[in-house]
Each structure stands twice: as C-alpha cells, then as structure tokens.
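Input: a single structure, listed below in structure tokens.
Remember, it's a predicted structure, so these values are computed and weren't measured experimentally. Chain letters run A, B, ... following the sequence lines, proteins first and then strands; every chain starts at 1.
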2 protein chains.
Amino acid sequence: MKIVAPAGGIGAARFLRGLRTAAPEAEITVIGNTGDDISLFGLRVCPDLDTVMYTLGGGINEEQGWGRADETFAVKAELAEYGVGPGWFGLGDRDFATHIVRTQMLAAGYRLSAVTEALCARWEPGVRLIPMTDDQVETHVVVDDPEHGRRAIHFQEWWVRLRASLPAVSIAPVGAEDAKPAPGVLDAIAAADVVLFPPSNPVVSIGTILSVPGIRDALAAKTVVGVSPIVGDAPVRGMADACLTAIGVETSARAVAELYGPSLLDGWLVDEADAGVAVDGVAVRSLPLLMKDAASTEAIAAAALDLARELAS
Amino acid sequence: MKIVAPAGGIGAARFLRGLRTAAPEAEITVIGNTGDDISLFGLRVCPDLDTVMYTLGGGINEEQGWGRADETFAVKAELAEYGVGPGWFGLGDRDFATHIVRTQMLAAGYRLSAVTEALCARWEPGVRLIPMTDDQVETHVVVDDPEHGRRAIHFQEWWVRLRASLPAVSIAPVGAEDAKPAPGVLDAIAAADVVLFPPSNPVVSIGTILSVPGIRDALAAKTVVGVSPIVGDAPVRGMADACLTAIGVETSARAVAELYGPSLLDGWLVDEADAGVAVDGVAVRSLPLLMKDAASTEAIAAAALDLARELAS
C-alpha cells in the first residue's frame, strides 16, 4: 500500500511513527512543510523536516518534541558572547551540524529535496521525506506590534519568540503562488492508495503545503482521511487556535474539517469528546485522539488507515 | 611607542602575549597570516587570526596552543555521522561559533578585516589585529603523492592531515601576487617605531605575509628585529624545517636570517645554543629563546624591543 501524508512538525512526526508501526509494509511518502524554514546565523534551518527526520530516525528529544536528544548548547552560548542573535531560537550543537550540512549542500547547488534525501540517508526514517517545494515559501504573520505598529514578521518570530502572544491579523505563505511542488511530490500523490492528514496545524502546516499550486488538486483526487488537531475547543498541542482565529475559523474539530472541505477531505477522525460532530460530505469517526504513548498513537494511525481503506473501496 | 608584528599562529601568539606585558603602553598592530585560511563545511576558518585572538583574548586552549579552552566536539561528531568531512581538522563547538559568525558576516559583504575587528570586539586582545589582506591568498604545497602523483594540496591538508610527512616539492602562496594589503596594514607599518618578527614560520607564516605586494617594502623601511624560530638545527615548535627544506634553505638560525636578508632584517635574536652565529648586515644577540612560561616569554619580547630601540636610535 502506498500512503502519502503532508506533515508539519511534532504532531505529524509522532503520528507518522505510529503509522509506520501500524502499516509496516506500506510505502509512506511524507510531504514536509517548509513554510517555517528560516535562515539563522547564515544557516538554513528546516524545523518541520528535521522534526520528522529526527523523530522517525530515533534522534529526537522526546520530552520536547523537537531538537536532538542529549543536546548541548555550546555554539549558541558562544554566538551570544559575540552578541549575535537571535537567542530565542533554540539551536543545539548536534542540531547545528544538520544545518551546517544542509547549508553547505544548498550552497553547492543541491536542491532542498536532494539535501533532505541526503540527510535522511543517515537517519533512515523509514519513510520517504520530501519537502513540499524546493522554492522558497516563507510563512509571514501580520501583527499589530505595540512598538512598531502593524508589520509582517516571520512565522518563527511570532511562534517561537512571541509565543503567538500578539494576535495575528493575517497569515500568509509568502512565495507560495510561484512555488512548484518538489520533484516526486505529485508523482507520489498520484500513486498513493490513500492520503492521511496527521493532526498538524491546519493553517501553517497542512494549509501551507496545500498553498503550493498543484498539491491541493492532486490530493483532492485521492481518498483523504484526516486526524483532527483539535479536541473540544483546544488544540491537542501547539497554538493552532491562534492560527485559526487569524483566518476567521472557529477552533473546533468540525470547523477544521469544513476548512479543508468535502472536496478535499473524505474521512475525519475526531476525539471521543467530539463524538457528535458531523461534517457535510465527510465520514466522521470518533476515538481517543491523545497520542500519549506508542500504542495509542498506533491505534489512531490504524483507525485513520481503516477509515481510508473503507472509503476507498 | 608603535609596534608592528607580522604573525603566524601559536608561536607568534605567545610571543605577542609576552610583548603586551613587556610594553604595556605600546600600540601594537598585528598583521595576521591568512594563507592558512580554509573553508570547511562551508564555513570560513582563519586558524592564525583565531590563534592570536584567542590567545591574547584569554580563550585559548593553553596546552594545545590552538582552539578554545574547555572545548567540546558535538558538532564535529555529528558531521562525521553525516559522513561529512574532513575529520582531520579539529573544530570544536565553541570554535565553530567563531566561524559561523565570520562566515555570516563575509556573506553579508563585510571584508575579512572588518569581520576580524568585529570578532576582536568581543575578545579585546589588547592589540589591533589586521589580516594581511582581504583578498584570498591560499598557501598550496606541491607533493609527490604515492597514490595520486605530483599534485598541489592546501597547506592545511599537508600540515594537519599529513603532518608534513610527504616532502614538499614547493610551497606557494596562491593569489598573493594579486592581493592588496588589508586597509590599515601599510598605514600601521608607516607609523611604526619598530617592527618585530615573532618566532613564526619564516616560509608559510611571515613569508606568506611578505608575499603580499607592498608589505615587504614597507617593512624594509623600518627597524626590524626578528626572533629566530630555529634553535640549533630544529624548529622551536612546529615543522618549520619541512618548509625550509622545501625552499632549499637550511634549518638554522643563520639561514633563516639570511632568508629574510639584511635589506629587511636589522636585528636577530638567537638562542644561547646559537651564540656564535653571525649574519652579514644584521645585529645578532643571543639569549634563551624557549618561551616556557610568561616570564621567559616576556624576557624574549623585552630583548627584541631593546635591540630594536638600540638599532633605531
């Protein structure tokens, strides 16, 4: 079986780990969000790609959900001694090596998709990880800054530095309209038996991937089952509510499904707390959605897969 | 008093530390060798500039003579996990931060001299450190490689990876003939009361600096006193003998003084072991030249300064 999953960071990575266990024989292609990518200290950092790669490759900091296990921070401390920032982005020494390799390869002319493949040759994540695009797409957030007035800032500045404390006036994947899907993305979707949406942020993770011309239409032609990132009226993790509010969407499992819409989404898994939720044109199933350990995560992935198989047949 | 000193790495850095103590009121301008510079992992590494900066700034690994004190090697170990080399160049985590800052500034368009000044703003070395040039000069060594035949390799590959184990057929500062002295170099020399040559490698450190058009002539117009890097028939440290042999010069205090020549050199400090040495047109003094601690190093610097003052008056 061939599975395609567009993916953000932590939530997606954990879901994918469960999916790999639930479907050990499947060929899984992960389309990674690159809208969060940022250049720091002259190095190219791809937080979502790395979170997926490290999680599936066994190198993730499990407690934190991002970054490397057994991490140290000598480089960052030294950069601070030089007065070079930003200090708010937590790059550890082991993590730096990934960005150094990536930056060196990009400078040598390799495309991000080729670089990602090279990095994954070490990590052996057990899935094929492809960035959504090799072109630069950067998620910008417009905020009303008390000091500087209305301005657009990089997603990471809003998310990591400000912890989304300033309400977003709008969120946009800058550059997306001119971006092309990375080599292999459309082919993988075309060949897919099913498409699964992990419980990723529907605005700045999966929404960004869908904003690359061609990807949404290709996915819409497939059987798509999603896992709600919202339980009750709150995100399972992260600050998806701040993103949904910015685009005028209610923070609820139903509203997210409607945001994707029945033209894209065929099935939708919601938590037991949302058991009554109905979405026109979408098959909804409820089950415990908290990925609290390997077994519960695998069960969620298996349920998504079951529903997808059922809808596809 | 204004002092100018062209400088290589470890030997020069230690001598300069002694000089700073011997002449606390002096304005010392150090002209750093950049022929050893190398790009590793996409980062610009300037071994001699950094050795001077770290040593005078209190950050050096004292035992080793290069690199940072209290160093860790997480980044290097990770790069090796990615299969990215070379592994033979010992970059530590703290050191990496320096190269990251430098590379980012160079990419932003700053010249190496400006970058060096910015880095020194943190280290406060107590001297003005200027690279010999902002242009790229790279010392290459021609070797007869048993595997690949006669070929030119980067100085660092010969020096660090091969430990000079393959005899050098020739050594050349590639790019020197088109290089210009960095801003401030010729002005500092013109304003200098005396010029001191630390016991640096006469071929690949001071020799390389002298190969930048304009620098040798400017220095020759001044009172120049050098400290022999050779005691008896061996270098005080390093592998200067391998470099001297490559250019057909005997490994002796006298031969090095003659290599510089009386048109450049006015005074020459040799070790007590070489007390009988005479060089036409050069005032030779002997004293213990082993920089075994702060006091002995300061004494050597003070002797060089005394001889320079005497010759200048």
Which atom pairs, donor and acceptor, lie under 3.5 Å between side-chain atoms of residues 85-98 of chain A and protein residues at least two apart or in another chain?
unit_1	atom_1	unit_2	atom_2	d
A:D93	OD1	A:A74	N	3.1
A:D93	OD1	A:V75	N	2.8
A:D93	OD2	A:T72	OG1	2.6
A:D93	OD2	A:F73	N	3.4
A:D93	OD2	A:A74	N	2.9
A:R94	NE	A:D70	O	2.9
A:R94	NH1	B:E78	OE2	3.0
A:D95	OD1	A:Y54	OH	2.6
A:D95	OD1	A:H99	NE2	3.2
A:D95	OD2	A:H99	NE2	3.3
A:T98	OG1	A:Y54	OH	2.6
A:T98	OG1	B:Y82	OH	2.6

Subject >> Atom of B:L106, atom of B:L112 and distance for their closest heavy-atom approach >> reply: CD2-N, 3.8 Å

**OP:** May I ask you to say whether B:K76 pairs ionically with B:E71, meaning some side-chain N is under 4.0 Å from a carboxylate O?
**Re:** no

**OP:** Assess whether atom CZ of B:R161 is packed by more than 12 heavy atoms of other residues, nucleotides or ligands within 6.0 Å.
**Re:**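 Yes.
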
Original post:
Near B:E117 CD, under 6.0 Å, is it more than 12 heavy atoms from other residues, nucleotides or ligands?
Top reply: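 Incorrect, the count does not exceed 12.
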
**OP:** Among A:D50, A:D37, A:T116, find the one that has a side chain to side chain donor-acceptor pair (under 3.5 Å) with A:R102.
**Re:**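 Exactly one option meets the side chain to side chain donor-acceptor pair (under 3.5 Å) with A:R102, and it is A:D50.
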
Original post:
In residues 118-142 of chain A, which residues are in contact with chain B at a heavy-atom separation under 4.5 Å?
Top reply: A:L119, A:R122, A:W123

